[in-house]
Number of protein chains: 2
Amino acid sequence: MVAKEAAGRARPGRAPAPAGRRARPRQAEVARLAGVSQATVSLVLSGRDLATGRPISAETRAKVLDAAHSLGYVPDPAASRLAAARNNLLGVFSFTATFPTDVRHSYYPFLVGVEQEAAAQGYDLVLFTGSSTGGAGAGGAGALNRVRLADGCLFLGRHAPADELRRLVADDFPVVHVGRRDEPEGLAWVGADYVSASREVVTALAALGHRRVLLVREDDDAPASTDRERGFLDGLAASGLPAGPEAVFRSGDPRRDLTADRVRAWVADGVTAFVAEETDTGAAWRALRAAVDAAGLDCPGQVSLALLGSPPADLADGPAPMGFDIPRPALGAEAVRLLAARIAGGPAEGTLVACAFRPGATAGPPPAP
Amino acid sequence: MVAKEAAGRARPGRAPAPAGRRARPRQAEVARLAGVSQATVSLVLSGRDLATGRPISAETRAKVLDAAHSLGYVPDPAASRLAAARNNLLGVFSFTATFPTDVRHSYYPFLVGVEQEAAAQGYDLVLFTGSSTGGAGAGGAGALNRVRLADGCLFLGRHAPADELRRLVADDFPVVHVGRRDEPEGLAWVGADYVSASREVVTALAALGHRRVLLVREDDDAPASTDRERGFLDGLAASGLPAGPEAVFRSGDPRRDLTADRVRAWVADGVTAFVAEETDTGAAWRALRAAVDAAGLDCPGQVSLALLGSPPADLADGPAPMGFDIPRPALGAEAVRLLAARIAGGPAEGTLVACAFRPGATAGPPPAP
DNA sequence: CGCATGAGGTAATGCGCATTAACGGCGTCG
DNA sequence: CGACGCCGTTAATGCGCATTACCTCATGCG
């Protein structure tokens with residue numbers, strides 16, 4: 001038994017609209033008022049007739065537009081999106097609150113660029129907060145799955161779980177990670193070019209006459225750290241300086257390990273310039289400054305210092321260190337561009353953005369021996 | 001001619017999906033994998049079976065959930081909304097960039113609260129960027145209409161066009177404005193209780209012994225300004241002080257109009273305390289401080305100063321002025337709560353949030369005559 | 001004069017999900 | 001032992017819009 005009389009059957013589906021809420025006009029009403037079909041209304045209002053050479057007479061256009069205007073018609077975005085199979089939403093997933101209470105340590109500078117570029121590309125932003133549990137259906141495990149709601153998604157922070165990302169990538173869901181990242185094969189990312197920027201800093205020091213330069217870094221193998229080290233060593237090599245492992249001081253707790261004595265010993269040994277990597281906490285830089293101070297060394301005079309990044313906000317005043325600035329807003333904007341390209345079917349590439357060299361006031365020629 | 005053989009007709013409608021990208025899984029795929037119908041999937045995933053006593057066997061539930069999980073299924077928000085459900089998305093629409101380049105003058109503090117409360121209520125945030133143009137059909141005019149994609153929307157900033165808002169309100173779309181607002185009748189809002197807070201400041205000055213207090217305000221009739229003035233006058237009256245129009249100095253350009261001479265004249269005339277309103281730019285407060293300085297008056301000693309709000313960030317250091325702090329994060333959170341209530345069918349009310357009095361260090365007893 | 005052509009429009013269909021009447025298989029009650 | 005109620009599931013339907021195959025004319029052309 002396949003067919004039944006329509007007459008005999010009650011109609012399932014949507015219940016009649018609750019009387020309370022007055023409905024907005026639909027294209028169907030506009031069509032009725034204009035004396036045309038709904039399809040025509042859609043064509044006229046979407047401008048598809050002009051764009052794709054779909055001919056609609058000026059007279060009909062006018063009738064439709066009049067009707068739409070007099071009814072105060074506005075399209076239902078949900079319906080448009082459904083029919084068009086996209087929603088013009090870009091996800092932004094960060095693994096901490098997107099709006100941390102402490103403004104300064106945050107993704108804020110990225111978001112400045114992200115918002116601007118997203119607007120320029122006609123996207124709205126959906127903020128997914130790591131903590132929010134998601135709908136009942138999704139379940140807690142695949143919280144990351146929520147992002148599939150958008151046309152594509154940006155990821156901020158180094159704590160993105162590789163396997164969940166891998167899954168998204170495998171499904172060809174458009175994803176862009178902010179920050180260089182190797183882990184899931186085929187992941188698109190945008191990152192700062194720490195290698196070049198660090199090399200440039202070392203080169204500048206060498207140009208000032210320094211012959212022994214030491215890198216102080218923390219004990220973390222994030223790409224951001226290894227890239228800086230590589231650039232540092234490259235720079236040494238390019239300047240004809242010894243670039244062996246003794247040029248790098250690595251410590252899990254610089255504040256403890258980087259003592260004034262140690263600094264004095266290095267200086268006695270011929271080191272004239274120190275370079276610290278920048279991290280979230282700025283631990284290496286803080287420790288370096290403190291140790292140099294404690295050793296009673298005058299900064300531009302007796303030793304030169306440089307920071308591979310920007311100083312933490314609480315050290316913002318005082319002389320700017322030689323180093324470089326990460327163009328975070330530009331990175332954010334680039335990430336959006338790349339994501340938009342991915343959504344449009346482009347390849348999943350990695351992009352490096354150049355950092356701006358900052359001469360600063362903490363480096364000068366080495367003291368005469 | 002009404003009916004034709006189905007066989008002879010080609011099928012209009014959506015073109016087949018472009019082969020390149022694998023589409024997100026739909027409920028239909030989940031259903032197939034679980035060996036049930038799409039309707040069952042919908043019931044299980046939405047939890048409607050449990051909630052409304054619609055019985056689904058535990059076994060079936062498990063199969064469906066497994067399938068959904070292994071496919072990485074997530075519901076399409078547009079479709080959910082279209083089907084008259086909800087998508088757990090809260091819109092945030094601001095009429096300037098949500099992430100201004102200058103962090104300090106921004107909606108940031110609101111968003112801190114908004115994000116937190118939204119997460120707590122299980123909503124994700126959609127940032128609608130004011131500048132983005134919206135769909136071609138809508139034209140620039142109905143850009144605000146995009147927000148209908150979400151279950152409801154928060155509006156930030158005083159530049160929300162009244163007529164567009166009116167339209168949303170008329171359609172009973174859940175909207176909450178951050179900041180008190182009269183204009184569209186029936187608009188829900190949350191605002192700071194400037195009236196009470198301002199009254200309290202004046203009362204405190206009166207308690208210190210001041211008998212002549214002057215309000216310096218700018219030339220803007222936003223509710224935020226008029227409320228402060230009202231509270232100021234209320235406070236005078238409540239303290240038995242003259243509350244005539246001569247107690248208010250209003251200027252479109254305080255920096256120009258508020259001269260040292262003028263201040264000296266007021267003081268000579270018996271004024272012992274000055275109160276400035278807070279605005280975006282802090283113009284009134286800046287001008288007042290400058291004029292008092294220029295007049296060579298000692299602040300807590302010869303004149304007392306108060307600020308109806310928080311000092312601008314660039315004046316943040318230095319002695320805190322007497323005044324009050326607007327609990328912006330709390331306001332944001334309250335706005336979300338109210339919006340959630342609206343979505344659930346609650347009334348469109350206005351809510352005032354209390355400000356915290358700040359004794360500060362710029363007010364003391366008036367000098368002995 | 002007969003047919004191709006193009007202009008102007010319409011009918012039908014589907015997007016993905018929520019909703020609900022109906023259905024079939026049970027155990028039970030009268 | 002047939003009517004009935006309960007359960008679990010499904011089929012059918014619509015939300016509002018975009019898309020496209022097709023239809024109907026009026027014209028142009030050989």
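Just so it is clear, the values below take in all heavy atoms, side chains as well, and ignore hydrogens, waters and symmetry mates. By convention in this document, chain letters (A, B, ...) are assigned in the order of the sequence lines, proteins followed by strands, and residues within each chain are numbered from 1.
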Please determine if a side-chain N or O atom of Thr40(B) lies less than 4.0 Å away from the OP1 or OP2 oxygen of dT10(D).
-> yes
Would you mind telling me which of dC17(C), dC15(D), dG9(C) lies closest to the side-chain atoms of Ile56(A)?
-> dG9(C)
Nucleotide nearest Gln38(B) when distance is taken to its side chain, options dG8(D), dA18(C), dG16(D) | dA18(C)
State which residues pass salt bridge (Lys or Arg N to Asp or Glu O under 4.0 Å) with Arg181(B); sequence neighbours excluded, sorted by chain then number.
-> none
Sugar-phosphate only, base, or nothing, as touched by Ser57(B) at under 4.0 Å among non-hydrogen atoms = sugar-phosphate
Send over the distance from Leu82(A) CG to dT19(D) C1', rounded to a whole Å.
-> 13 Å
Respond yes when some side-chain nitrogen or oxygen of Gln27(B) is under 4.0 Å from OP1 or OP2 of dA18(C), and no when none is.
-> yes
Asp76(A) side-chain proximity, nearest of dG16(C), dA11(D), dG16(D) | dG16(D)
Between the side chain of Asp124(A) and the main-chain N/O of Leu89(A), is any donor-acceptor distance below 3.5 Å?
-> no
Could you pull out all residues at least two apart from Arg337(B) that satisfy salt bridge (Lys or Arg N to Asp or Glu O under 4.0 Å)?
-> Glu117(B), Glu334(B)
Under the ring pair (Phe, Tyr, Trp, His ring centres under 6.0 Å) test, residues paired with Phe155(A) that sit two or more places apart | Phe93(A)
With the side chain of Ala83(A) defined as its heavy atoms from C-beta on, choose the nearest nucleotide among dA11(D), dC17(D), dG16(C).
-> dC17(D)
Closest nucleotide among dG16(D), dT10(D), dG14(D) to the Val36(B) side chain = dT10(D)
Between Ser42(B) and dT19(C), is there a side-chain N or O to OP1/OP2 distance below 4.0 Å?
-> no
Arg32(A): what forms a salt bridge (Lys or Arg N to Asp or Glu O under 4.0 Å) with it, not counting sequence neighbours?
-> none
Test item: Thr60(A) side-chain N/O and Ile56(A) main-chain N/O as donor-acceptor pair under 3.5 Å = no
Take atom CZ of Arg32(B) and atom P of dC17(C), then tell me their distance rounded to the nearest Å.
-> 13 Å
Specify the separation, in whole Å, of atom CG of Leu89(B) and atom P of dC17(C).
-> 15 Å
From the options dT20(C), dC15(D), dC17(C), select the nucleotide whose nearest atom is closest to the side chain of Arg26(A).
-> dC15(D)
Between dC15(D) atom P and Glu29(A) atom CD, what is the distance in whole Å?
-> 11 Å
For Asp182(B), which residues count as a salt bridge (Lys or Arg N to Asp or Glu O under 4.0 Å) partner, sequence neighbours excluded?
-> Arg180(B)
Please report, rounded to the nearest Å, how far the C1' atom of dG8(D) is from the NZ atom of Lys63(B).
-> 11 Å
Check the distance between dA18(C)'s P and Asn88(B)'s CG and give it to me in whole angstrom.
-> 11 Å
Rounded distance in Å - CG (Leu71(B)) to P (dG16(C)) = 14 Å
Assign Val41(A) to base, sugar-phosphate, or nothing according to its heavy-atom contacts below 4.0 angstrom with the strands shown.
-> nothing
Going through the distances and angles, do Asp76(A) and Arg81(B) end up as a salt bridge (Lys or Arg N to Asp or Glu O under 4.0 Å)?
-> CA-CA 10 Å; Asp76(A) 178 333; Arg81(B) 237 195 93 81; over 6 Å; no
Per atom distances to the Leu43(A) side chain, the nearest of dA18(D), dC17(C), dT20(D) is dT20(D)
Using atom CG of Leu45(B) as one end and atom P of dG16(C) as the other, report the distance to the nearest whole Å.
-> 16 Å
Which angle, to the nearest 10 degrees, lies between the helix axes at the two ends of the helix from dC1(C)-dG30(D) to dG30(C)-dC1(D), each defined by five pairs?
-> 70°
